[in-house]
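We count residues from 1, following the sequence as given.
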Amino acid sequence: MLSFLKSAIVIAAAVMLPAAVEGRGQAGRVEAGMIADPQIAAALRGISAERIQANIEKLVSFGTRSTLSAQDAAAVASGRGIGAAREWIKAEFERYAKDCGGCLEVKTDSFTEEPADRIPKATQITNVYAVLKGTDPANAKRIVLVTGHYDSRNSDTLDVEHDAPGANDDGSGTAVSLECARVLSKMKFPATIVFLAVAGEEQGLNGSRHFAKMAKDAGWDLEAVLNNDIVGGDKSAEQDPSVVRVFSEGVPAAATEQDIRRIRGLGGESDSGSRQLARYVADVGRAYNSGVKPMLVFRLDRYLRGGDHYAFNQEGFAAVRFTEFREDFHHQHQNVRTENGVEYGDLAKFVDYDYVARVARLNAATLAALAAGPAPPANVHVLTREVENDSTLTWEASPGGLAVEYEVLWRATTSPEWEHAERVGNVTRATLKVSKDNVIFAVRAVDRAGHRSLPVAPVPER
């Protein structure tokens with residue numbers, strides 16, 4: 001890590017454009033990437049592949065977790081079906097809450113989904129979640145969230161009789177939410193973290209749509225959503241266990257026509273909140289040794305497929321999807337069977353538990369870094385009243401009182417990630433000798449310990 005930091009500093013010094021900053025506060029060139037927090041790094045070592053394996057095997061033991069499967073008391077008592085899985089997940093969250101002295105508030109979000117294409121009759125769907133309330137009253141309203149779906153399916157989404165083990169899709173993502181809750185509940189953060197397991201994904205993102213709308217209607221300050229779906233590292237020969245894909249939307253699903261015209265005019269197609277979150281994940285991956293490298297895929301999702309992060313995108317929230325590098329489609333959405341020597345079905349034996357643990361560490365590090373850091377600056381603008389080569393940015397101070405300074409970031413318009421950073425002090429206006437016509441800018445807040453907020457790209461102000 002030290003060699004990486006030294007190299008990054010040398011490179012940054014070599015390519016950094018000169019900049020002059022107006023306003024009070026100390027200015028200076030800094031590394032674009034973040035520095036690891038030792039307390040967060042220590043907590044990540046508590047994530048256990050053995051616990052993840054036990055959780056995934058327990059989820060598989062319910063036989064089927066189809067959203068349409070039985071949920072009555074008899075089914076729950078028998079240990080088969082989505083109702084039994086729901087009660088077990090809830091009990092796990094409650095156990096973690098007990099272990100941390102009641103620091104987690106365990107809740108359910110239950111509703112009735114009316115008949116639709118993949119729901120033949122009115123069906124109860126229940127999301128289960130645990131809330132780690134922020135300790136700072138001024139920042140506790142800020143929320144970051146991790147989710148996975150606990151329902152499963154086989155070849156026929158309406159089949160509730162045959163087994164649908166769902167070890168990878170999405171026992172792995174559910175296990176990430178659970179393990180993040182177990183480990184991070186031992187820590188305290190200024191902002192709030194929500195650990196979520198949703199149902200109804202395989203029937204049409206029903207659980208996440210309901211939860212995202214609930215969050216929107218309640219006015220949640222939801223800064224980031226991490227969706228883990230198929231992060232089991234399927235043990236195929238072509239798998240790359242050192243990489244996890246991170247998908248993110250470009251033009252926001254919730255953008256207005258006016259927003260879209262501005263985005264097209266300024267080349268901002270790759271600077272949505274979700275893209276900034278994806279870049280933040282990549283930054284976390286470099287700072288913390290999770291053992292897996294985020295591979296940013298600038299696309300909402302895989303071709304012709306979708307996931308729960310999109311439900312949050314539709315409500316205007318920044319959300320990304322984590323998925324293993326290479327999926328084996330014999331082991332997804334298939335009845336358990338062997339044909340012509342090929343094994344089908346989403347079985348636990350195909351899951352790489354060490355890989356899931358590495359993905360969980362990356363998720364936990366991202367959640368912790370965001371929850372520990374300041375809120376992003378608000379109303380970031382780049383001034384365009386004058387035709388000039390210098391660039392002036394303005395912003396409103398980060399709410400919550402944690403920020404002690406700000407950094408202006410920039411990159412070439414053709415570059416996927418931030419290349420340069422300038423410390424501008426505790427100010428809300430900065431002028432740099434860098435042409436806004438040649439680069440993409442953003443501003444982020446920094447607290448006293450060096451935690452960074454999500455970057456915010458500016459909009460023009462005449």
Side-chain angles (χ1 to χ4, degrees), residues 48-70 75 78-86 88-89 92 118 148-179 197-203 227-245 292 302 305 307-308 321-360:
S48 165
E50 290 75 20
R51 285 183 177 269
I52 286 171
Q53 178 174 355
N55 287 344
I56 292 176
E57 289 177 346
K58 181 64 178 180
L59 288 165
V60 169
S61 75
F62 296 112
T64 179
R65 302 190 308 279
S66 167
T67 298
L68 307 178
S69 60
S78 73
R80 182 176 177 86
I82 195 164
R86 175 195 68 219
W88 176 78
I89 292 168
E92 282 297 288
R118 296 185 180 183
H149 71 88
Y150 71 94
D151 60 307
S152 66
R153 61 163 289 182
N154 51 35
S155 302
D156 181 358
T157 55
L158 304 182
D159 180 357
V160 299
E161 300 300 326
H162 294 93
D163 282 352
N168 193 354
D169 185 16
D170 187 31
S172 63
T174 304
V176 168
S177 283
L178 287 167
E179 188 66 355
V198 299
E201 194 271 354
E202 301 291 6
Q203 311 309 120
N227 175 37
N228 290 266
D229 196 350
I230 312 176
V231 291
D234 185 274
K235 296 177 182 177
S236 61
E238 298 85 359
Q239 186 65 269
D240 186 345
S242 69
V243 172
V244 62
R245 292 180 288 176
V292 66
R302 298 125 332 137
R305 305 181 73 187
D308 289 314
R321 174 186 180 135
F322 293 77
T323 299
E324 65 191 21
F325 176 74
R326 187 182 189 277
E327 299 168 73
D328 188 329
F329 302 114
H330 295 147
H331 302 157
Q332 290 178 24
H333 300 184
Q334 295 283 345
N335 283 68
V336 178
R337 68 194 191 277
T338 300
E339 291 180 358
N340 300 319
V342 177
E343 285 189 285
Y344 292 85
D346 192 354
L347 299 169
K349 68 179 181 178
F350 299 127
V351 174
D352 180 344
Y353 299 107
D354 289 325
Y355 178 84
V356 184
R358 293 194 291 272
V359 174

Checklist entry - So, the side chain of D328 versus the backbone of H330: is there a donor-acceptor pair under 3.5 Å, distance only? => result yes
Item to check | Short side-chain to backbone donor-acceptor contact, E201 and G307, under 3.5 Å | outcome: no
Next on the checklist: I'd like to know if the side chain of T323 reaches the main chain of R245, judged simply by a donor and an acceptor atom lying under 3.5 Å from each other, with no hydrogens or angles considered.
Outcome noted: no
Item to check | Non-hydrogen atoms of D240 and F325 that approach each other most closely | outcome: CB-CD2, 3.5 Å
Next on the checklist: Tell me if a side-chain donor or acceptor on S177 pairs with a main-chain N or O of A197 at a distance below 3.5 Å.
Outcome noted: no
Checklist entry - When you measure from the side chain of R358 to the backbone N and O of P241, does any donor-acceptor pair fall under 3.5 Å? => result yes
Checklist entry - Does T174 use its side chain to pair, donor to acceptor, with the backbone of H149 at less than 3.5 Å? => result yes
Checklist outcome for this item: dist E202:CD -> L68:CG (nearest 0.5 Å) comes out at 11.0 Å
Checklist entry - Closest heavy-atom contact between A75 and A84? => result O-CB, 4.2 Å
Checklist entry - Going by the salt bridge (Lys or Arg N to Asp or Glu O under 4.0 Å) test, which pairs reach into residues 154-171, not counting sequence neighbours? => result R80-D163
Checklist entry - Between the side chain of S155 and the main-chain N/O of N335, is any donor-acceptor distance below 3.5 Å? => result yes
Checklist entry - So I230 and R321, side-chain contact (heavy atoms from CB on, under 4.5 Å) or not? Walk me through it. => result CA-CA 10 Å; I230 312 176; R321 174 186 180 135; 3.8 Å; yes
Item to check | S66 side, atom OG; N154 side, atom CG - distance, nearest 0.5 Å | outcome: 7.5 Å
Next on the checklist: Apply side-chain contact (heavy atoms from CB on, under 4.5 Å) to residues N55 and W88 and explain how you reach the verdict.
Outcome noted: CA-CA 10 Å; N55 287 344; W88 176 78; 3.6 Å; yes
Checklist entry - Just how far is it from atom CZ of R305 to atom NE2 of H333, taken to the nearest 0.5 Å? => result 6.0 Å
Next on the checklist: What I'd like to find out is whether the side chain of L59 reaches to under 4.5 Å of the side chain of I89, using heavy atoms alone.
Outcome noted: yes
Next on the checklist: Applying side chain to side chain contact (heavy atoms under 4.5 Å, CB included), can you list everything that pairs with E339, at least two apart in sequence or on another chain?
Outcome noted: R337, Y344
Checklist outcome for this item: Smallest heavy-atom separation, A360 atom then I52 atom, equals CB-CD1, 4.2 Å
Checklist entry - Any luck finding a side-chain donor-acceptor pair between N168 and E324 under 3.5 Å? => result yes
Next on the checklist: Between F62 and I82, is the side-chain contact (heavy atoms from CB on, under 4.5 Å) condition met? List the steps.
Outcome noted: CA-CA 8 Å; F62 296 112; I82 195 164; over 6 Å; no
Next on the checklist: To the closest 0.5 Å, what do you measure between NE2 (H331) and NZ (K349)?
Outcome noted: 8.0 Å
Next on the checklist: Show me the pairs that pass salt bridge (Lys or Arg N to Asp or Glu O under 4.0 Å) and involve residues 54-68, at least two apart or across chains.
Outcome noted: none
Next on the checklist: Please report the interatomic distance CG(N227) to CZ(F322), rounded to the nearest 0.5 Å.
Outcome noted: 9.0 Å
Checklist entry - Within a strict 4.5 Å, meaning less than it, do heavy atoms of the S152 and D346 side chains meet? => result no
Item to check | Backbone N/O of R326 and side chain of Q239: donor-acceptor pair under 3.5 Å | outcome: yes
Checklist entry - Going from CZ on R118 to CG on L158, what distance comes out if it is rounded to the nearest 0.5 angstrom? => result 8.5 Å
Checklist entry - Looking at V60 and A348, what are the two nearest heavy atoms and their distance? => result CG2-CB, 4.4 Å
